[in-house]
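Just so it is clear, the values below take in all heavy atoms, side chains as well, and ignore hydrogens, waters and symmetry mates.
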Amino acid sequence: MDADKLLKVADDYSGTAASARALLVAAGQLFESGKVAEAQAGFEKFVGQYSGHPLMSQAKLGIAVCLHSQGKTNEAAVAFKEVVDRFTGEQTATPAKFYLASLYEAQGKPEMARDLFMDLARTSQTTFGQQAMARLNDMFQKNPQLRPGAVSPPPVTLPPATSATP
């Protein structure tokens, strides 16, 4: 069923489980077809209408991905962090954590990125866990001081300049 038909089901049966599911699937299809702003509106409508729904984390993740796809990186980071913090035990937390770590890395926050990637590498047996491990290896090669337990070299202090007069 295409997104328009699903949105009609969502409207015709508003407030029902079928409506919630149709709205969420329609928003996903809109995203897949490149209609990112419309998809975001669909996910936001779901959040507004179905606040206690068991699929809320998927809608919240959808919003975050839409924001990221539109280049709204600061807003996307906030949205991904909400999914990570609010839906810790749910499957949506894994991709949210990965994308948040990637955004932190791009924003020049390597320690924050490292911590999330390390958590994923330790706890996730998914592709995200494998990708997190690869990203960590790259980070550690470029910045060995980011390795856990790495000792930073002491700051270099130069002797005071002296004026040499012959």
Dump the intermediate steps for side chain to side chain donor-acceptor pair (under 3.5 Å) on Glu90 and Ser57, then the final yes or no.
CA-CA 8 Å; Glu90 297 189 31; Ser57 67; 2.6 Å; yes
Q) Under a single-linkage definition using a 4.5 Å side-chain heavy-atom cutoff for Ile, Leu, Val, Met, Phe, Trp and Tyr, are Met133 and Leu100 assigned to the same hydrophobic cluster? A) no
Going from [atom1] on [X] to [atom2] on [Y], what distance comes out if it is rounded to the nearest 0.5 angstrom?
X	Y	atom1	atom2	result
Leu146	Leu136	CG	CG	9.5 Å
Phe87	Met56	CZ	CE	6.5 Å
Phe140	Gln145	CZ	CD	10.0 Å
Gln29	Leu7	CD	CG	9.0 Å
Asn137	Lys142	CG	NZ	11.5 Å
Lys8	Ser19	NZ	OG	12.0 Å

Ring centroid separation Phe43 to Phe31 under 6.0 Å
no
Taking everything shown except [X] itself, do over 12 heavy atoms lie less than 6.0 Å from its [atom1]?
X	atom1	result
Met118	CE	yes
Tyr13	OH	no
Gln91	CD	no

Could you pull out the closest heavy-atom pair between [X] and [Y], with the gap in Å?
X	Y	result
Ala121	Ala132	N-CB, 4.1 Å
Leu61	Val83	N-CG2, 3.8 Å
Met139	Pro110	CE-O, 3.3 Å
Arg86	Ser51	NH2-O, 4.5 Å
Ala26	Leu6	CB-CB, 3.7 Å
Ile63	Glu44	CD1-CG, 3.6 Å

Start with the C-alpha distance between Arg21 and Thr16, add both sets of side-chain angles, then the distance that settles side chain to side chain contact (heavy atoms under 4.5 Å, CB included), and finish with yes or no. CA-CA 9 Å; Arg21 183 81 171 152; Thr16 67; over 6 Å; no
task: Determine, stepwise, if the pair Lys97 / Asp115 fulfils salt bridge (Lys or Arg N to Asp or Glu O under 4.0 Å).
output: CA-CA 10 Å; Lys97 196 175 285 187; Asp115 294 346; over 6 Å; no
Please tell me if the side chains of [X] and [Y] come closer than 4.5 Å, counting only heavy atoms from C-beta onward.
X	Y	result
Phe117	Phe98	yes
Leu55	Phe46	yes
Gln131	Thr126	no
Tyr104	Phe80	no
Val47	Lys60	yes

- Item | Between Gln40 and Gln70: side-chain donor-acceptor atoms closer than 3.5 Å | yes
*asked:* I'd like to know whether Ser102 forms a side chain to side chain contact (heavy atoms under 4.5 Å, CB included) with Arg135, so could you lay out the CA-CA distance, the side-chain angles of the two residues, the decisive distance to 0.1 Å, and finally the verdict.
replied: CA-CA 9 Å; Ser102 298; Arg135 296 285 285 274; 3.3 Å; yes
Short question: side chain of [X], backbone of [Y] - any donor-acceptor pair under 3.5 Å?
X	Y	result
Ser14	Ala10	no
Tyr50	Gly15	yes
Asp2	Lys5	yes

